[in-house]
Amino acid sequence: MRILIHGGFFSESSQSNETKHKKQQALLEILNQGKDFLKNHSALESAVYTAKLLEDNPLFNAGIGSQIQSDGKIRMSAALMDGVNQKFSGVINIEDIQNPVLIAQKLMKEEDRVLGGIGATNYAKDAGFPMFSTETAERRHEFLTKKQSLGTGTIGCVVQDRKGRLAAATSTGGKGFEIPGRISDSATIAGNYANEYCAISCTGVGEDIVSGGLATKIVTRVTDGMPLEKAFEKSFNELKPYDGFAGAIGVTKKGEIFYQESHPKIVFAAFNGEADIVFT
Ligand code: GLY
């Protein structure tokens, strides 16, 4: 049983020690709630449960506390991948929903599993999800003062359950100030990918992650026999020519866990089967 979560990036230069401490505490609490849930649930159910907790915490840029786009609106994206049957589902640029990951979960049972824009929002409404504004006063203030707050980032979770099954969930409020219609990596296979061998969730600049095909590439390398750490190293090296800004967390069927970032520092916590670890 393994579980890793991330909450984007922390910047020593633009964020305080107090913020760092709050994020460490929040991640450890959520990790432990996820771990408890995982004792009696599948990897997929646990990835959704834990991602929802991260979406509900305004410290992180997903669900409540999402970044505001250049036209003043919030549009969120989230995806889920079941490593057992290799099914991917997701929503892109959904509006006014508290937990985009729950819509991705519902879509898992549909034939059409990735919905975008108004179609995604209408699907959620029709399914009975209440309309909910995820805007916080802090994000509105940042928007009004045009203060970009890179460092809050995407959230994600990768899980290996008792039966060795893997799953990945990723959710984001985007970069902030983006052109409406911009598509994040989070609900693509570059940002969120899993199969029976490996599960990966990414954070960072969506364009860089998509250019690097990051999650898919790491999973494919592990599937072909490369140890997880080497697969991360090689895939992150391939971001260097264009100074790609990314971080990722991963777990394998064998129980290896790993995380890496191209720039300091990814905000993450993990249970490695024996102990909890948190970013410092
Ligand atoms: N990784 C989140 C985004 O770029 O939208």
Side-chain angles (χ1 to χ4, degrees), residues 4-11 23 47 51 54-55 57-71 73-81 88 90-95 97 99-101 103-104 114-117 120 134-135 139 142-143 148-158 168-194 199-218 235-236 239 242-250 259-268:
L4 294 90
I5 58 178
H6 69 73
F9 277 84
F10 179 79
S11 152
K23 288 192 175 188
L54 288 158
E55 285 182 340
N57 190 316
L59 278 177
F60 306 111
N61 172 27
I64 297 171
S66 286
Q67 300 273 16
I68 298 175
Q69 302 197 334
S70 58
D71 63 348
K73 290 191 178 170
I74 290 176
R75 296 179 185 84
M76 302 162 288
S77 299
L80 191 59
M81 187 140 188
F88 180 98
V91 288
I92 296 172
N93 289 329
I94 196 167
E95 292 180 49
I97 287 294
N99 294 110
V101 74
I103 317 304
V114 184
L115 297 182
T134 54
E135 184 178 313
R139 291 282 175 266
E142 281 166 6
F143 179 76
Q148 296 251 15
S149 62
L150 187 73
T152 46
T154 302
I155 66 92
C157 176
V158 293
T170 306
S171 181
T172 190
K175 287 199 293 196
F177 298 94
E178 58 267 72
I179 301 170
R182 180 241 178 202
I183 291 175
S184 152
D185 63 294
S186 300
T188 74
I189 57 166
N192 187 78
Y193 200 64
I200 300 288
S201 170
C202 300
T203 180
V205 175
E207 285 71 6
D208 294 352
I209 294 166
V210 168
S211 298
L214 193 57
T216 326
K217 212 184 248 180
I218 298 172
S235 307
F236 271 80
L239 300 176
Y242 58 93
D243 193 28
F245 189 110
I249 52 174
Y259 75 92
Q260 192 167 336
E261 69 248 301
S262 62
H263 294 67
K265 60 176 60 171
I266 183 172
V267 166
F268 82 98

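Here the structure is a predicted model, which is why all the values come from computation and not from measurement. We count ligands from 1, going down the list as the structure has it; atoms in each ligand are counted the same way. Quick note: residue numbers are just sequence positions, from 1.
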Exercise for the section: Output yes when a side-chain donor or acceptor of Thr216 lies under 3.5 Å from a complementary backbone atom of Ile189, and no otherwise. Expected result: yes
Going by the order shown, which atoms of ligand 1 are within less than 4.0 Å of some heavy atom of [X]?
X      : result
Gly204 : 1 (N), 2 (C), 3 (C), 4 (O)
Ser184 : 2 (C), 3 (C), 5 (O)
Thr172 : 2 (C)
Asp185 : 1 (N), 2 (C), 3 (C), 4 (O)
Gly174 : 5 (O)

Problem - N/O separation below 3.5 Å, Gly206 to ligand 1 - result: yes
Handout entry: Exercise: identify the closest heavy-atom pair between Asp208 and Leu239
Key =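 Nearest heavy atoms, Asp208 then Leu239: O-CD2, 4.0 Å.
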Handout entry: Nearest heavy-atom neighbours spanning Ile218 and Phe236
Key = CD1-CE1, 4.4 Å
Handout entry: Any donor-acceptor N or O pair under 3.5 Å, side chains Ser77, Ser186
Key =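 No, Ser186 and Ser77 have no side-chain donor paired with an acceptor closer than 3.5 Å.
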Exercise for the section: Evaluate the side-chain proximity of Gln67 to Phe177: yes if any heavy-atom separation is below 4.5 Å, no if none is. Expected result: no
Handout entry: Which residue and heavy atom of the protein sit nearest atom 2 (C) of ligand 1, plus the separation
Key = Thr154 OG1, 3.1 Å
Practice task
May I ask you to say whether Arg75 pairs ionically with Glu178, meaning some side-chain N is under 4.0 Å from a carboxylate O?
Solution key: no
Exercise for the section: Please state which part of Arg182 comes within less than 4.0 Å of ligand 1, counting heavy atoms only: side chain, backbone, both or neither. Expected result: side chain
